[in-house]
Amino acid sequence: MKQNNFYITTPIYYPSGQPHMGHAYSSILADVFARFMRINNCKVYFLTGTDEHGLKIQKSAEKVGLDPLIYCDKISKVFRELTKKLNLSNDDFIRTTEKRHYKSVNDLWNRLIKSGDIYLSKYKGWYSVSDEAYYNDDEIIEKDGKKITTFSGSSVEWVEEESFFFKLSSWEKKLLEFYARNEKFILPVSRRNEVINFVKNGLKDLSVSRTSFTWGIKVPKNHKHVIYVWLDALTNYLSALNYPNTKDILFKSFWPASVHIIGKDILRFHAIYWPAFLLAANIKPPNRVFGHGWILSGDEKMSKSKGNILNPQQIIDTYGIDQLRYYLMKEVSHGSDGNISLKSLERCINSDLANNYGNLCQRIFSFIKNNCNNKVKKTNKVSNSDKEIIKKTRELTNNLRNEMNNQNLNNYIKAVINISFLTNKYINDEEPWKLKKNNVEKMNNILHLALEQIAKISILFNPIIPKATTKVLDALNVKNNSRNLSFLDRKNVLAEKIKIKDLNILFKKIT
RNA sequence: GGCGGGGUAGCUCAGUUGGUUAGAGCACAGGACUCAUAAGCCUGGGGUCGGCGGUUCGAAUCCGCCCCCCGCUACCA
């Protein structure tokens, strides 16, 4: 990994159902960080994709009478299309059914065999056919002469299955050392504690192959076995960089990954298994795993039976993608679960986007169009209130890079919207409409400063609401190579003399 | 059960080396203005900071007990 390079990933999605709000959230969150790092002058590689192996997919394909791969082509496409609808800026979209991925998984497997971390043995336990799951002794009771699991009540049978194992147990200490050395490997901190706790309670070796189904990557030299889902799926992060060719420019530039964005439900796989596999294979683990919370609807996890599903596609069609992106990023607080509802979505769009940022742009652009023929020129006279707003804006933006380096998007958004408050107040206080007749110079200075503020806000909001902010920056004639964070280092975005274009309403108010 | 996080205004949350009248945004009410999407600005109402007890000159903040919510407690992912 080169300095100033940034590799960020979403989970690869298991396409056994339609994309839901949780997928949308993970993807948008990752996209926001990717876009931010780009305007922060980093070279970014942003990856998403689909995880297409396993029993569920095999069965679903059988049900509709399709070859699993053809079936996957179809459903993976749905997720690929979603990246467009969500306006993701991903550089690649990987599927675990691709050749490059097979090559990569095979290589990782062979490395682990070679290092002695994978061995062949037998997996034994109580298996429930209907649950497709194994249970521990303490989860089993006898009822009417039958063994059943207390977990779901379904009947279980004793099964012994040949399986390859990964020597996870021998990585316990090394993992704990790794977490200690890399304090921010797992964020937020609460999740880090969970993981450390789990590891401290002891790790058992992990079964990493299955013989009960065939839809997957076959174990090299033993085709009876299919490679366990996580050893398969996680490796996608390497495959996309052309691993096993570690001399490849992509791999050299972007590994280890800067951050894997994931939901808290798959934290263990990313924070324990994944670094263990990699350490065993003598590959550097990623720099960070960020586990976000779930999207809830009315305090409940969204589910079909509860009828409280908010479908991302519908929301986008009704309200727009920038609106959905902004709402999700604002409403869900750092790392914890977030409740969403149409009501709060509409409130959020109206207050932040329409009334605040949108209207700020509108009032300034309209005024300049009607009174200045779209031309503004500033002089070097700086009033006390100018100094004041510049100073306050600087205070608000001081820590923004740091907030984003810790995935703390809430503080970021709060700071930026506060710049919008400041600017609205500035205009109210300065009353440029009163200066039309007798002080055009001062009026110009005020308007120019307002535009400068709008430019800064628009650049800072660009990762979150790219469409709307691009319209504004276009209307301001800000060059592409100026749409970055260099103004944080006390530079101005706009020239002293500027000509702007007309700007249409950015966000319609919802009534 | 064990370990961890949390309970602050109607809603979402900020706020600990303990210290003046506990904060923000949204929502609500009133006011002055008019460039603007009846937007923006100003002012205001509203909180026994989960409960009880303790330490202290002083506690949302420290200690003890209790109540409630959430997460983790491995091979579905």
Side-chain angles (χ1 to χ4, degrees), chain A residues 11 13-14 16 51 54-56 123 125 127-128 131-136 151-152 163 165-166 168 188-210 228-231 233 262-269 272-273 291 293-294 296 299 330-341 343-344 347-348 350-371 410-411 413-414 417-418 420-421 423-436 443 446-447 450 503-511:
Chain A
Y13 301 115
Y14 199 61
S16 59
D51 170 22
L55 187 61
K56 267 187 205 161
Y123 193 87
Y127 186 75
S128 157
D131 296 357
E132 293 167 17
Y134 281 93
Y135 294 99
N136 289 329
F151 184 76
S152 65
S163 173
F165 283 83
F166 173 76
L168 189 61
V189 178
S190 55
R191 304 251 178 268
R192 170 188 152 87
N193 294 336
E194 277 174 23
V195 168
I196 290 177
N197 209 359
F198 183 92
V199 175
K200 275 187 179 161
N201 281 333
L203 296 173
K204 284 190 268 182
D205 286 354
L206 183 71
S207 158
V208 289
S209 76
R210 296 287 185 274
Y228 166 68
V229 52
W230 282 106
L231 195 45
I262 58 161
K264 63 182 182 182
D265 48 333
I266 52 175
L267 180 65
R268 184 189 310 149
F269 309 97
I272 300 173
Y273 300 172
W294 283 329
L296 310 174
D299 289 325
K330 166 102 190 276
E331 192 69 12
V332 180
S333 62
H334 187 68
S336 52
D337 295 348
N339 285 302
I340 61 169
S341 68
K343 216 179 199 172
S344 69
R347 256 207 300 257
C348 175
N350 282 346
S351 56
D352 282 22
L353 296 179
N355 293 348
N356 201 327
Y357 171 65
N359 184 57
L360 171 65
C361 295
Q362 201 55 37
R363 67 194 298 205
I364 301 299
F365 273 77
S366 299
F367 189 95
I368 295 172
K369 183 186 178 183
N370 296 332
N371 300 287
N410 299 114
N411 285 352
I413 292 177
K414 207 183 282 176
I417 203 74
N418 274 333
S420 190
F421 282 120
T423 309
N424 268 318
K425 179 174 164 53
Y426 171 79
I427 295 302
N428 273 65
D429 293 346
E430 297 303 297
E431 302 178 304
W433 45 91
K434 284 190 179 165
L435 304 171
K436 277 186 264 192
M443 182 184 82
I446 292 163
L447 295 173
L503 182 72
N504 294 323
I505 284 183
L506 291 174
F507 300 99
K508 281 198 185 111
K509 217 175 152 175
I510 294 153
T511 48

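Throughout, a chain's letter reflects where its sequence line sits, starting with A, and its residues are numbered from 1. Note: hydrogens, waters and symmetry copies are ignored here, and every other heavy atom, side chains too, is used.
Side-chain atoms of A/N197 do not come within 3.5 Å of backbone N or O of A/N193 as any donor-acceptor pair.
The nearest whole Å value for the distance from the NZ atom in A/K264 to the C1' atom in B/rA74 is 18 Å. At whole-Å resolution of the value, CD1 in A/I417 and P in B/rC13 are 18 Å apart.
Taking OG from A/S420 and NZ from A/K425, the interatomic distance works out to 14.0 Å, rounded to the nearest 0.5 Å.
Between A/K56 and B/rC76, a side-chain N or O to OP1/OP2 separation shorter than 4.0 Å is absent. Side-chain nitrogen and oxygen atoms of A/K425 include at least one within less than 4.0 Å of the OP1 or OP2 phosphate oxygen of B/rC42.
Base contact: A/F198 has a heavy atom under 4.0 Å from a base atom. Within the nucleic acid shown, A/F365 has no heavy atom closer than 4.0 Å to any nucleic acid atom. Contacts of A/V195 with the nucleic acid, taken as non-hydrogen atoms under 4.0 Å apart, are absent.
A/W230 has its ring centre no less than 6.0 Å from the ring centre of A/Y273.
Between the side-chain ring of A/W433 and the base of B/rC35, a stacking contact exists by the 5.5 Å and 30° definition.
Taking only side-chain atoms of A/S351, from C-beta outward, the nucleotide of B/rA27, B/rC41, B/rA77 with the closest atom is B/rA27. Of the candidates B/rA74, B/rG40, B/rC72, the closest approach to any side-chain atom of A/R363 belongs to B/rG40.
B/rC75 is unpaired under the Watson-Crick or G-U wobble criterion, no partner having all donor-acceptor distances under 3.5 Å.
Below the 3.5 angstrom threshold, one finds a donor paired with an acceptor across the side chain of A/N359 and the base of B/rA36.
B/rA22 and B/rG15 have their C1' atoms separated by 8 Å, given to the nearest Å.
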